[in-house]
Undergrad: 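Structure in structure tokens, see below.
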Amino acid sequence: MENIIPSTKFNQYPVIVTYSPMKGRYFVAKRDIALGEVVLKCLPLSTAPFDNHRKRYCHTCKIYNSSSNSFKFYCKSCDLCYFCDRECFNQCFPIEQKIYDEKVIYNKSLFLKHELTCNISRKFSTWNINDKHMKSVVRLLVQILAERLIEKSDSKEKVNIEKESSINDLYNENSLELNEQTSSKNSDFLVALNNNFQDFLLLQSHLLDWPNDIKRDWLKHEKFLMNLFKSSKLLDEDDKFDDLLHMISKIESNGFGVYYKCKGKNVLFGRAIYPYASFFNHSCDANCDAIQDNYDKDELLLSTLVDDELLCNGKKLHGEMMFVALRNILKGEELTISYIQDENGLLPLQSRRQKLLSEYYFLCQCCKCITDEKQYRKKKKNVKNRNVKLNT
Ligand SMILES: C[S@@+](CC[C@H](N)C(=O)[O-])C[C@H]1O[C@@H](n2cnc3c(N)ncnc32)[C@H](O)[C@@H]1O
């Protein structure tokens, strides 16, 4: 299990992936890391805005329009994919342009994914459910299954080449050749890592730990969802609902919220999957923090961008996630983030563990919880001994 991810994947970052039977895979510092240093940068495998936010989220460059205006360009068939301008629209719909024009630039991966999911997205709007959480999880599942199909298709090699070249176009290939020494010192030169379906498959599912009521909620929709998926090309012949539930559980246990800024506050507008970022285990005394690129930063002019920023038809490509060290970290230390909000570290052991159990389905085994647990047991034992003495 621990060897699944070749450590060369993370060459330019000060991390390696290791494994323990109790906590699964997790990141460890490859060398001493200084406070504020960038530990990892990655791009989302897929992002799904909540339905009521979709008209302000650009499907191509991932910008979020924090004013109340909807984008004018969109797919009239699925009414799910919206675009901030004509160029971003064209990247997904080369057919709509003069395709014989050799200068047409489009993103093949975006185009293929949309082709595979447009139909199912349209039918999806007939799903009679108010739960925006379940909806966004299924939206992500649809995109992830499309990714699987693209990777598996006969033209896999061709698609990968094109996909890579379009990604390189977008993500400025110059920075790929930087050596480890310079890149790790300067976050501007670090290339955000991209993921594929195989990386998603490595994520942990907690389906077997789900409480009955959660499982029941999903089973209620089995018929609708299976019919929906069967009407698309997205399912493999031997895919059962249980397989989909495992993927849903992976999405639930590993998804990140995506936010835009409004009056200085972060507002949640959807969720995304960043498979490599999911190798950060939780700690109640985390030594790293996630910083999401603000989806609504309106720095669109090419001239204002530094050389290696991620570009998409002359604009910044949004959605990158960056992890930074919150303190000095020694070589060999586990790198962790916090999955729960406990800014001042005031939540007691039981509350923290309960939150993680009910939202993430695991019993926290971080150093802080283990130490707190030992102290709690010691205190309990002392009280018991005192009571015994008092009674005798
Ligand atoms: C986002 S993943 C982290 C990577 C994971 N270890 C893996 O192998 O894929 C979250 C899962 O890792 C495990 N995990 C993370 N932090 C943990 C902790 N503090 N104690 C115990 N298990 C933990 C839990 O199973 C949790 O559902």
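Order of appearance sets the numbers: ligands from 1, and atoms from 1 within every ligand.
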Undergrad: Decide, yes or no, whether a salt bridge links R31 with E37 under the criterion of side-chain N to carboxylate O below 4.0 Å.
TA: yes
Undergrad: Are H114 and F93 close enough that their ring centers fall under 6.0 Å?
TA: yes
Undergrad: For the 3.5 Å polar cut-off, considering only N or O atoms, please tell me whether Q365 and ligand 1 meet it.
TA: yes
Undergrad: Only distances under 3.5 Å count here; give the side-chain donor-acceptor pairs of residues 355-362 to other protein atoms, sequence neighbours excluded, each with its distance to 0.1 Å.
TA:
residue, atom, partner, partner atom, Å
S358, OG, Q354, O, 3.1
S358, OG, K355, O, 3.3

Undergrad: Are any of the N/O atoms in R25 less than 3.5 Å from those in ligand 1?
TA: yes
Undergrad: Quick check: F280 with F323 (ring centres under 6.0 Å apart)?
TA: yes
Undergrad: With distance as the sole criterion, is a donor-acceptor pair present between the side chains of R25 and T18 under 3.5 Å?
TA: no
Undergrad: Are any of the N/O atoms in H282 less than 3.5 Å from those in ligand 1?
TA: yes
Undergrad: Of the listed options (H206, Q204, E359), which comes nearest to atom 27 (O) of ligand 1 when hydrogens are ignored and any heavy atom counts?
TA: H206
Undergrad: So that I know where these two stand, are Y82 and Y74 an aromatic pair - ring centroids less than 6.0 Å apart?
TA: yes
Undergrad: With a 4.0 Å cut-off on heavy atoms, is Y361 in contact with ligand 1?
TA: no
Undergrad: Could you tell me which residues satisfy ring pair (Phe, Tyr, Trp, His ring centres under 6.0 Å) with F224, sequence neighbours excluded, listed by chain and number?
TA: W127
Undergrad: Between F89 and F73, how do the two ring planes meet: parallel, tilted or perpendicular, split at 30° and 60°?
TA: tilted
Undergrad: Using a heavy-atom cut-off of under 4.0 Å, does the side chain or the backbone of Y339 touch ligand 1, or both, or neither?
TA: side chain
Undergrad: Tell me whether ligand 1 is touched by S283 - counting only heavy atoms on the residue side and a distance under 4.0 Å.
TA: no
Undergrad: Using heavy-atom distances, let me know which of N254, L203, I337, V17 sits nearest atom 1 (C) of ligand 1.
TA: N254
Undergrad: Which atoms of ligand 1 sit under 4.0 Å from any heavy atom of C364?
TA: 19 (N), 20 (N)
Undergrad: Which of the atoms of ligand 1 are close to F280, meaning less than 4.0 Å from one of its heavy atoms?
TA: 3 (C)
Undergrad: Do any heavy atoms of T336 fall under 4.0 Å from ligand 1?
TA: no
Undergrad: How does N281 reach ligand 1, if at all, at less than 4.0 Å between non-hydrogen atoms: by side chain, backbone, both, or neither?
TA: both
Undergrad: Check this for me, if you would: do K220 and D217 make a salt bridge, where the nitrogen-to-carboxylate-oxygen distance has to be below 4.0 angstrom?
TA: yes
Undergrad: Using ring centroids (six-membered ring only for Trp), state whether Y259 and Y64 fall under 6.0 Å.
TA: no
Undergrad: Have a look at A286, S278, S205, G24 and point out the one with the heavy atom closest to atom 4 (C) of ligand 1.
TA: S278
Undergrad: So if I count the atoms of ligand 1 from 1 in the order they appear, which ones are less than 4.0 Å from some heavy atom of L363?
TA: 20 (N), 21 (C)
Undergrad: Which option, F362, Y274, F279, owns the non-hydrogen atom nearest atom 18 (C) of ligand 1?
TA: F362
